[in-house]
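Contents: one structure, followed by commentary.
Both ligands and their constituent atoms are indexed starting at 1 by order of listing.
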Amino acid sequence: MKNIVIFASGSGSNAENIINYFKNGTKANIVSVFCNNASAKVFERCERLGIPCTLINKTHLFSSDEFLSSLKASTDYIILAGFLLKIPESWIKAFPNRMINIHPALLPKYGGKGMYGMHIHNAVKANNETETGITIHFVNENYDEGAIIFQKKVTVTPEDSVAQIADKIHMLEQHYFPRVIEDVICPINE
Ligand code: GRF
């Protein structure tokens, strides 16, 4: 059983989906969620699901050796599910290839600072893209540049509104993110 913590900043639909996916299984124990936004909906979701959700700030990430050491001692993987703060290098060194992010576009397109949430789907629409998708990748020191684990494409039609593009991405995220996490944490030949 691998111990997993999730970092989120917003709604937490991915966090909820991951918690539900693993809850009756033997592969992952979702220990806790950490969130840097006191008004984020992920707090409500975690309360309903019975998973602790703790408010953190930049100090926890950048200046607290204690926080990093305690997670390092007790956590196998960190999942970033809509977490908007940049991850410091000390964390990447502490969790090499053990920190996984999901990005709602086909990286390297529409990645980097400022490219998150609806900004991405607006840009996809504005550029008349014929496809978009999701990228699940390991986290390195640059936004959205870590090694890609998995991508899935979806068609965008000229009739699709930005909201419809967002819905298509959401469906892909809900289906694939927990399954890809499962493949990473429990490789078939392990
Ligand atoms: C998702 O689209 C994810 O790909 C991105 O941030 C969004 C988070 O949504 N990194 P939610 O908070 O999980 O609902």
Side-chain angles (χ1 to χ4, degrees), residues 4-23 28 30-49 51-56 61 77-87 91-92 95 99-125 129 131-154 156 160-184:
I4 291 185
V5 303
I6 299 175
F7 284 16
S9 299
S11 164
S13 66
N14 282 284
E16 175 163 3
N17 185 42
I18 294 164
I19 291 164
N20 283 333
Y21 184 86
F22 288 109
K23 78 176 170 201
I30 311 298
V31 181
S32 194
V33 176
F34 294 96
C35 177
N36 64 311
N37 171 6
S39 57
K41 191 172 167 190
V42 69
F43 282 99
E44 280 169 52
R45 294 186 194 262
C46 287
E47 192 170 351
R48 176 163 39 78
L49 296 165
I51 299 286
C53 189
T54 306
L55 184 64
I56 55 166
L61 281 182
Y77 288 87
I78 295 177
I79 307 299
L80 307 185
F83 188 65
L84 296 180
L85 293 182
K86 192 164 191 312
I87 300 295
W91 283 73
I92 291 152
F95 289 92
M99 210 183 294
I100 301 170
N101 182 46
I102 186 162
H103 188 78
L106 294 171
L107 290 173
K109 284 182 127 179
Y110 304 106
K113 200 166 164 51
M115 272 294 160
Y116 61 90
M118 295 309 275
H119 296 293
I120 295 172
H121 310 315
N122 280 323
V124 165
K125 176 78 185 163
E129 295 283 2
E131 61 182 21
T132 185
I134 58 170
T135 303
I136 298 169
H137 64 94
F138 290 116
V139 178
N140 74 3
E141 52 289 339
N142 299 317
Y143 271 121
D144 303 327
E145 288 183 17
I148 291 175
I149 303 165
F150 174 88
Q151 289 189 303
K152 187 75 186 176
K153 291 177 182 174
V154 67
V156 179
D160 281 339
S161 66
V162 173
Q164 284 167 325
I165 295 172
D167 282 349
K168 287 181 172 181
I169 293 297
H170 183 73
M171 304 269 285
L172 292 183
E173 291 183 341
Q174 294 284 300
H175 182 76
Y176 288 104
F177 198 18
R179 289 169 176 82
V180 172
I181 293 169
E182 185 175 29
D183 286 350
V184 172

*Could you check atom 6 (O) of ligand 1 against the protein and tell me its nearest heavy-atom contact, residue, atom and distance included?*
Gly82 CA, 3.3 Å
*Any idea which of Glu173, His121, Met118 brings a heavy atom closest to atom 3 (C) of ligand 1?*
Glu173
*asked:* Check this for me - ligand 1, Gly12, N or O atoms closer than 3.5 angstrom, yes or no?
replied: yes
_Phe95, Tyr77, Trp91 screened by ring-ring contact (aromatic ring centres under 6.0 Å, His included) with Phe7, the one that passes_ = Trp91
*Please identify which atoms of ligand 1 are closer than 4.0 Å to at least one heavy atom of Ser11.*
12 (O), 14 (O)
*How about Lys86: does its NZ atom have over 12 heavy atoms from other parts shown lying under 6.0 Å from it?*
yes
_Selection from Asn14, Leu80, Asn17, Ile102 by shortest heavy-atom distance to atom 10 (N) of ligand 1_ = Ile102
*Taking the side chain as every heavy atom from C-beta outward, state whether Leu49 and Glu16 have any pair of such atoms under 4.5 Å apart.*
yes
*Evaluate the ring planes of Tyr116 and His119, with Trp represented by its six-membered ring, and classify them as parallel (under 30°), tilted (30 to 60°) or perpendicular (over 60°).*
perpendicular
_Tell me the protein heavy atom at minimum distance from atom 14 (O) of ligand 1, and give that distance in Å._
Ser13 OG, 2.5 Å
*Would you say Thr135 and Phe150 make side-chain contact, with heavy atoms under 4.5 Å?*
no
